[in-house]
Every structure is written in structure tokens, then in C-alpha cells.
There are 2 protein chains.
Amino acid sequence: MLFMQKGKVQLVREDIMPRDLLTRVLLTRDLLPRVLPQDRAAGPGRPKDLAKRDAILAAARALFFSRGVEGVGIEEIARRANVSKMTVYGHFRDKAAILSAIVAAEAARMTSVLDEMPGEPRNLEQRLVAVGTALMTFLTSPELLAFERLLMSEAARRPDLASAMLEAGPRFGHRKLAEQLAAATTRGDLAIRHPVVAAEQLTSLWKGFLYLECQLGVRPSPTAEEIHRHVTEGVAMFLRSYRPSALP
Amino acid sequence: MLFMQKGKVQLVREDIMPRDLLTRVLLTRDLLPRVLPQDRAAGPGRPKDLAKRDAILAAARALFFSRGVEGVGIEEIARRANVSKMTVYGHFRDKAAILSAIVAAEAARMTSVLDEMPGEPRNLEQRLVAVGTALMTFLTSPELLAFERLLMSEAARRPDLASAMLEAGPRFGHRKLAEQLAAATTRGDLAIRHPVVAAEQLTSLWKGFLYLECQLGVRPSPTAEEIHRHVTEGVAMFLRSYRPSALP
DNA sequence: GAATTACTATACGTTTGCGTCTAACATATG
DNA sequence: CATATGTTAGACGCAAACGTATAGTAATTC
């Protein structure tokens, strides 16, 4: 599929991000206990094959993303993961548990990506454009769009999932961006009274109508050029509003 | 339920908006023929009871909004509409046709609401705040949020629905807002080079993070005060960026 | 090797929901 | 009145999906 190189599917595992950050993200809405279950501490008997667990999650992820939770059966997940149906139930209590694990993994990935946003380039405008471009590239990727759609349709039934994702994604991103904006303000490059508000505004400008169109699937994901142009427009507008001369 | 006063449910009918506007909205994505079907031109025999048709649509709307299309059975719709299941199938070919009719009605309602946005108040800032407040009040109403959620989850399967809604809602609104912004520019109150872009930016600022939280259901719909404060912030930021002195 | 646990394949019982059909009654045209 | 269509209530066939059960094989500990 598009978003996973065959055989190399990593979901929630301590090797992709520091355990404490992962935990912090997932504990926001007691999602963790459902995701890292009792590991039976290596008694006698054949151990569980974690590769199969990952294969199940990868298969479910791809299927859920493209056809929604209700549109996919357990048997189909098992078939795609090259696994027996019973094995699926051996690893997960039910369908909802699979979804929880996927959302937790996605939340972790989101935080991880946001945590590595570019921070160094030369002047402020270039830095903001770089961050915005990276963010929009991430957000408009087919897999992220599919994930948001999925989350939206499950939001009513499973508010915990939406909560976890909001915390790991937007809120986390806003805090990080707000820090940068505050720093720029103390440096004298910007005049911002409420950095968090400004960060939310900037993010909204970055997303704009473009993101909505992508989310509803009425247009393909934007090219790098389109994203760059769109983000640059937003940054310019933002900087005009918050340039130091604007506030006494 | 929350969003309809019992018995007074009006969906797609020529009495709520001019026929040509309605048609223009719905024809954007050949939704119309599926919604206003062949009326059999009053031959012999008992005529169809349009009140029942409306009751079916109202029931389906409420149920779809709260539990999604897949989560609701035809029998349940019929029961809630005080109608036999066969009557449902007498008016609509299948579930998808019911959904089409609902979306068409909602699109029409959306255009109608956007078309009546406040236009008169005194100065520019007050006018923009008034429009933004009205828009956000509309968008964050439980019914509209539920509708967007519904649409999002069906977007993959039914791109025509998303298209119709985008055209009737955001795109229509952006055009109207862009006209006002362009007028303000010629009046000298603003300095805007690309009114449509600016309209999209302003709308994004109005929505902001607040709307996302509502959409995901992690917070209740904002109060009038909250909306007013949020919109005012956005307008202030917008005006700082596009005030005439900002551009030579 | 014995015990224990995991995985496979398959079958099963149950539920759910869709869409159709029928027989009776209701309401319109002419 | 005859005719034609709409509405109801119930039953029906069918397919899909969930989650469980069983029996045999595979992997691991002691």
C-alpha cells in the first residue's frame, strides 16, 4: 500500500519514540492500558508472535483508513494479515480494541512528527514557512487524511479517541509553535500578546480551505509547490498582522 | 430532538428558498434528479402523502446525525417516522437515496442561511464581527456539526455529497464574503489584492481551533460570548494585516 | 519427554439488517 | 361503481458479520 513499506511496519513500540513521551501522550485518555496489554511475563508455552500482532494492526489500519471501521470485517483483516481469525482474537479482545491500538499508534506518530519540526533556518519568515510546509505536507498526506476521516466518524461513539488525538496532534503542535512565537516576540521580531492564540491562528491559516477540500476528498493532495505557495501566503498575512510596528 | 420543532420539519421544498437558487445549488453535482423524483403527474389512484415523506426525512436526519448512516436501520427510521417500512421504500429507492435527499436539503439550507448573512451595520469591523458571529453560531450548532461529521464519514464512498455541500456552503460563502471585502477595498477601508484568498483566510481564522474541538465533540458548542470573543480576535488580526496603511 | 501456550482451519450459533412479498384496507380518479 | 395507486403489518429469504468452539499442529519451558 501507499503508507507502509512491506514487512517494515512499526506501530506502537518503544523503539520509535522515548517511552516517557509515548506514555505521556497515551495516558491523556487512559488509552494506554488497552494498547499495551498484560504480557504474561514469559512463562511456559509458546510465546505470542508480535510480528503477527503488527501485521494485524497494519492490515486493520489500511482497511479502516480506506473503508471505515464498520465497513471492514475481522475476517478480512485476518486474511490480509495472513493470519487466522482466532489469532486476531488472541491479540485483541474485539474490534474496538484494534481501533484503540491504531489510534494510539497514530497519536504517537503524530507527536513524534510534530516534535521534529524544522527549527533552525535563517530568518523568522523562512522558519515559519518551513514549519508550515512540513506540517501541511504531513496533514495532507493520504494516510493522515484517511485517519482524520476515520476519527471523525468514530468521534461520536468514542470520544476518548478524539481526545487522545487532539492532545497528541494539534494541542501539542500549538504549544510548540507558541513557544517559538513567544521567543520571537522577546527577540523583538514579533509583537504577540497571546502566543497560543497566535499559534492557533497561524495553524488555521496554514490549513485554510485547502485542507478542507482534501479532507472531503474533492481534490487530490496538493503538490509541494501548491503547499509552499499556500503556506507562504498565510505566513505573509500573519507577519503583517503581528509585526512589531503594529503594536505600540 | 434538539434541532427541529416537532411537526414543523421543512426540508427541500420550494417554499423555503427560491426555486432557481435551490436548483443552482443542487445541480452542482447532479443531486437534484435523485431528490425531486418523478411525481407521477396526478393520475388515478391514491396520491403519495408528502407529509410522510418529510417525516421519513426528518427521522432519518435525526438518526443519521446522531449515529451515522451505517448505525441506523431502515426499520428504525420507519418506526420513528410513524410509518411502515414499505412506505419508506415507496418514497426512496434505498438508504443512499434517503441520504442524498437529506444532503440536498441541508445544502439548500446552508446556502439559504449564508445568503441572509448580516450586511448592514455601521463600520467595517462591526460588520465583519457580525458576519463571523452569525457564521460561527450556525457552524457550531449541534445539527451542523453532526451533519459535517456525517458527511466526512461518507465522503470516501460518496464524493458527490461532499462536492454538493462544499459548493453550497464554503465556496458560496467565500464568494459572498469576497465581494464584501472587495467592496471595502474599493472604498479604501481595506487593502486586499486577492479577495477570495482573504475571504478564505478570514473564514479560517473564524473557525480556528475552536471549531475543530467542536467537530470532534470534545467540548460543548461555544456560548454566544465565547463565539463573539473568538470572532473578534480573528477580525482584529485580519484587519491589522489588511489595513490600507499596510500596503503602499 | 511432559506440560503449556499459540496458531490454523473450520464450523457453528446468533444477530442484524436489507430489500421483497403478500393480503388487507385506504384514498384518489373517472 | 370500477380501477389504480398508497399505506400498513407481518413474514420471508438472504447475506454479512460477530464472537465462540473444537481439534489438530507448532513452539517454548522445565
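Proteins come first, then strands; the chains are lettered A, B, ... in the order of their sequence lines, and each starts at number 1. Not measured: the values here are computed from a predicted model.
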J.: How many angstroms lie between atom CE of A:M136 and atom OG1 of A:T203, to the nearest 0.5 angstrom?
T.: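 The distance works out to 10.5 Å.
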J.: Can a salt bridge be assigned to the pair B:E200 and B:R171 using a cut-off of 4.0 Å between side-chain N and carboxylate O?
T.: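 Salt bridge absent between B:E200 and B:R171.
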J.: Whole angstrom is fine here: how far is it from CZ in B:R79 over to C1' in C:dC18?
T.: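 After rounding, the reported distance stands at 15 Å.
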J.: To the nearest Å, give me how far apart CG (A:D94) and P (D:dA17) are.
T.: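 Answer to the nearest Å: 17 Å.
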J.: Does a nitrogen or oxygen in the side chain of B:H91 sit under 4.0 Å from OP1 or OP2 of D:dT7?
T.: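 So the side-chain polar atoms of B:H91 do come within 4.0 Å of the phosphate oxygens OP1 or OP2 of D:dT7, strictly under.
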J.: Excluding sequence neighbours, so at least two apart, what forms side chain to side chain donor-acceptor pair (under 3.5 Å) with B:E76?
T.: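 Listed in chain order: B:R67.
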J.: What is the distance, rounded to the nearest whole Å, between atom CZ of B:R53 and atom C1' of D:dT7?
T.: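 Interatomic distance, CZ of B:R53 to C1' of D:dT7: 16 Å.
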J.: Please determine if a side-chain N or O atom of A:S84 lies less than 4.0 Å away from the OP1 or OP2 oxygen of C:dC7.
T.: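 A:S84 to C:dC7 OP1/OP2: no side-chain N or O under 4.0 Å.
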J.: Please report, rounded to the nearest Å, how far the P atom of D:dA17 is from the CD1 atom of A:I98.
T.: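 So the two atoms are 14 Å apart, to the nearest Å.
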J.: Report the residues that fulfil side chain to side chain donor-acceptor pair (under 3.5 Å) with B:Q201, sequence neighbours left out, ordered by chain and then residue number.
T.: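 With neighbours one apart ignored, the set is B:Y242.
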J.: Among residues 67-74 of chain B, which contact DNA chain C at a heavy-atom distance under 4.0 Å?
T.: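 Those residues are B:V72, B:G73, B:I74.
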J.: When the distance from CD1 of A:I77 to P of D:dA16 is rounded to whole Å, what number comes out?
T.: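 So the two atoms are 17 Å apart, to the nearest Å.
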J.: Assign a letter to each nucleotide of nucleotides 20-30 of chain D from its 5' end: B, base within under 4.0 Å of a protein heavy atom; S, sugar-phosphate only; -, no contact.
T.: BB----BBBS-
J.: Rounded off to whole Å, could you give me the CZ-to-P distance for the B:F92 and C:dC18 pair?
T.: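 About 15 Å, once rounded to whole Å.
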J.: Who passes salt bridge (charged side-chain N to carboxylate O under 4.0 Å, His left out) against A:K85, sequence neighbours left out?
T.: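 Applying salt bridge (charged side-chain N to carboxylate O under 4.0 Å, His left out) to A:K85 gives A:E75.
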J.: For B:S100 and B:A96, indicate whether the former's side chain and the latter's backbone hold a donor-acceptor pair under 3.5 Å.
T.: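 Indeed, once roles are kept as given, a pair shorter than 3.5 Å links the two residues.
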J.: Which whole-number value in Å describes the distance from A:E76 CD to D:dA16 P?
T.: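 Computing the A:E76:CD to D:dA16:P distance gives 12 Å.
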J.: Ring-plane angle category for A:F209 and B:H174, please: parallel below 30°, perpendicular beyond 60°, tilted otherwise.
T.: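 Taking B:H174 first and then A:F209, their aromatic rings stand perpendicular (interplane angle over 60°).
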J.: So, are B:E70 and B:R157 salt-bridged, with charged N and O less than 4.0 Å apart?
T.: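 Looking at B:R157 together with B:E70, the answer is yes, because their closest N to O distance falls below 4.0 Å.
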J.: I need the CD-P distance between A:E75 and D:dA15, as an integer number of Å.
T.: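 Those two atoms, CD and P, are 16 Å apart.
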J.: For A:R219, enumerate each residue passing the side-chain contact (heavy atoms from CB on, under 4.5 Å) test, keeping only those at least two apart in sequence or located in another chain.
T.: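 Only A:L210, A:E213, A:C214, A:P222, A:E226 meet the side-chain contact (heavy atoms from CB on, under 4.5 Å) criterion with A:R219.
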